[in-house]
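Accompanying notes for the structure given below.
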Number of protein chains: 2
Amino acid sequence: MSAGTLTAEAILAATEEVLRRYGPAKATVVDVARALGVSHGSVYRHFPTKAALRAAVTRRWLERTHEGLAEIAAGDSPAPARLRDWLTALFAAKRRKALDDPELFATYSVLVGEDDGVIAEHVGHLAEQLTRIIAGGIAEGTFAAAEPAVAARAVFDATGRFHNPVYAAEWSAPDIEAAFEAVCSLVIAGLRAPR
Amino acid sequence: MSAGTLTAEAILAATEEVLRRYGPAKATVVDVARALGVSHGSVYRHFPTKAALRAAVTRRWLERTHEGLAEIAAGDSPAPARLRDWLTALFAAKRRKALDDPELFATYSVLVGEDDGVIAEHVGHLAEQLTRIIAGGIAEGTFAAAEPAVAARAVFDATGRFHNPVYAAEWSAPDIEAAFEAVCSLVIAGLRAPR
DNA sequence: CGGATGACAGATTTCAATATTTGTCATTCA
DNA sequence: TGAATGACAAATATTGAAATCTGTCATCCG
């Protein structure tokens with residue numbers, strides 16, 4: 001885990017490892033430095049504060065968790081189907097993370113909660129993708145909405161139970177799939193243009 | 001605050017007072033007993049555990065917070081308007097509680113989180129009211145839904161951002177009203193029977 | 001010179017001793 | 001007799017001293 005000069009990339013990787021091992025409460029900057037075989041002062045050359053380092057790791061994790069969504073949003077299937085696919089993929093990605101490694105998921109849930117800016121930025125990205133799908137639906141005549149961006153945010157809010165980590169404990173309930181289907185259908189029906 | 005014999009009612013009132021003064025972390029059964037001028041053993045004659053006492057107080061608080069909703073649900077205006085009124089009243093009640101006395105609201109948010117049974121029961125009551133509104137809409141031909149109870153739960157889930165206490169911090173944001181309107185309209189449109 | 005270091009002050013966390021709380025129950029009291 | 005008490009064990013919380021951590025910076029090294 002050590003090479004020529006210390007890079008931000010290497011620090012981020014080491015931080016991830018330390019967070020996985022010790023959890024969010026006990027992971028320290030000193031631990032990260034020790035894992036890299038450098039002094040903790042060197043870490044502060046690349047990240048101004050511990051909070052900034054954590055935010056950077058969190059941002060990476062969120063991006064990695066949701067890679068593939070943009071592709072769905074950019075597809076060319078009818079908007080209602082595309083929206084359903086996108087929401088399903090979002091829920092599936094979140095749930096997989098939460099159920100595969102609950103401890104790591106809990107760790108990142110704590111990190112996400114530490115920085116409002118990271119959340120806002122990330123939600124912004126996702127809302128943008130939703131906006132594009134809805135705008136596409138309006139263009140093809142299947143959706144009706146005065147402002148696509150407002151509708152997109154409404155869809156994101158309405159499906160919160162299936163992507164907001166505070167609900168993670170409910171994602172292994174037996175009827176969660178049915179609940180998702182019900183909300184998903186309700187939301188898509190709500191966007192549909194009256195014939 | 002003291003009369004002849006010790007009643008469950010008096011204990012609940014004293015517990016509320018102690019919770020308001022000390023908060024959920026420091027309020028003890030001994031405090032409650034002291035407030036009543038009795039020994040803590042007497043409290044255990046009426047409530048089997050501290051958790052049961054807290055759950056009882058929580059149930060009362062939830063009931064008090066949402067009184068008036070049942071009346072709206074039982075009204076005779078068209079279902080779409082009635083649903084909008086009901087959701088608006090629910091959000092308004094929650095938000096008033098949260099903004100009027102944030103500390104007390106935080107206290108009860110902690111208590112609510114302590115007991116899944118209390119939440120489930122309470123959500124059940126609200127979902128029942130929603131089911132009645134939606135069933136009414138189906139009867140009058142303004143709503144379409146295969147199963148009113150499933151649709152009701154979907155509506156409850158979709159509007160979570162405006163009644164789940166975990167979102168309380170967002171309820172003073174300037175654009176929260178607009179966000180509520182957007183979700184509310186989306187959900188009602190989703191229930192509407194195609195003409 | 002640019003990157004790395006480690007000593008340092010102030011803030012935060014840990015840990016173990018101490019004190020309080022929860023829940024029980026034999027006894028008291030009216 | 002039925003409600004209330006208070007002593008008690010086990011679990012939990014508090015406290016304060018010691019250790020660790022965060023963030024800075026004068027200094028060092030290649």
Side-chain angles (χ1 to χ4, degrees), chain A residues 1-59 103 106-107 110-111 113-118, chain B residues 1-59 103 106-107 110-111 113-118:
Chain A
M1 197 165 284
S2 63
T5 45
L6 185 61
T7 65
E9 192 54 42
I11 293 173
L12 289 173
T15 305
E16 276 180 21
E17 177 60 15
V18 167
L19 279 165
R20 173 163 33 242
R21 287 174 103 85
Y22 302 122
K26 295 211 194 147
T28 71
V29 175
V30 171
D31 290 331
V32 173
R34 186 162 31 232
L36 288 163
V38 299
S39 75
H40 75 279
S42 300
V43 173
Y44 281 97
R45 174 166 302 283
H46 295 267
F47 296 92
T49 63
K50 180 188 186 184
L53 173 57
R54 286 175 159 231
V57 170
T58 308
R59 222 173 283 120
E103 286 201 37
T107 291
V110 170
L111 293 190
E114 281 174 0
D115 192 315
D116 288 357
V118 171
Chain B
M1 193 166 286
S2 62
T5 45
L6 186 60
T7 65
E9 192 53 43
I11 293 173
L12 289 174
T15 306
E16 276 180 21
E17 178 60 15
V18 167
L19 280 166
R20 173 163 34 243
R21 288 173 103 85
Y22 301 124
K26 297 212 193 147
T28 72
V29 176
V30 172
D31 290 331
V32 172
R34 186 162 33 231
L36 288 163
V38 300
S39 74
H40 75 278
S42 300
V43 173
Y44 281 95
R45 172 165 303 284
H46 296 267
F47 296 93
T49 63
K50 180 190 186 186
L53 173 57
R54 284 176 162 233
V57 170
T58 308
R59 221 172 283 119
E103 286 200 37
T107 290
V110 169
L111 293 190
E114 279 175 2
D115 192 314
D116 288 359
V118 172

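Order of the sequence lines sets the chain letters (A, B, ...), proteins ahead of strands, with each chain counted from 1.
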field: Where A:Ala27 and A:Tyr22 come nearest, the two heavy atoms and their spacing
entry: N-CB, 4.0 Å
Residue B:Ser39, side-chain atoms from C-beta onward, closest of D:dT5, D:dC21, C:dT24: D:dT5
task: Check every atom of C:dT24, D:dT5, D:dT22 against the side chain of A:Lys50 and return the nucleotide holding the closest atom.
output: D:dT22
- prompt: How is B:Val29 classified with respect to the nucleic acid when contacts are heavy atoms under 4.0 Å: base, sugar-phosphate, or nothing?
  reply: sugar-phosphate
query: Given atom CZ of B:Phe47 and atom C1' of C:dT22, what is their separation to the nearest angstrom?
result: 16 Å
statement: In whole angstroms, the gap separating P of D:dT22 from CG of A:Leu53 amounts to 10 Å
- request: Could you tell me the separation between the CZ atom of B:Arg34 and the P atom of C:dT22, rounded to a whole number of Å?
  value: 10 Å
- prompt: Which is true for A:Ser42 with a 4.0 Å heavy-atom rule: it touches a base, it touches only sugar-phosphate, or it touches nothing?
  reply: base
- line: Ranking D:dA4, C:dG6, D:dT22 by distance to the side chain of B:His46, first place goes to D:dA4
- prompt: Tell me, do B:Leu6 and B:His46 make a side-chain contact under 4.5 Å, heavy atoms counted?
  reply: yes
message: With a 4.5 Å cut-off on side-chain heavy atoms, are B:Leu111 and B:Leu19 touching?
response: yes
- request: Among the candidates C:dA4, D:dC21, D:dT24, find the nucleotide nearest to the side-chain atoms of A:Thr5.
  value: C:dA4
- prompt: Which one of B:Val38, B:Val32, B:Val29 satisfies the side-chain contact (heavy atoms from CB on, under 4.5 Å) criterion with B:Ile11?
  reply: B:Val32
- request: Tell me which of B:Ala51 and B:Arg45 sits closer to the 5' end of DNA chain C, going by the nucleotide each one is nearest to.
  value: B:Ala51
message: Quick check: any donor-acceptor pair below 3.5 Å linking the side-chain of B:His40 to the base of D:dG6?
response: no
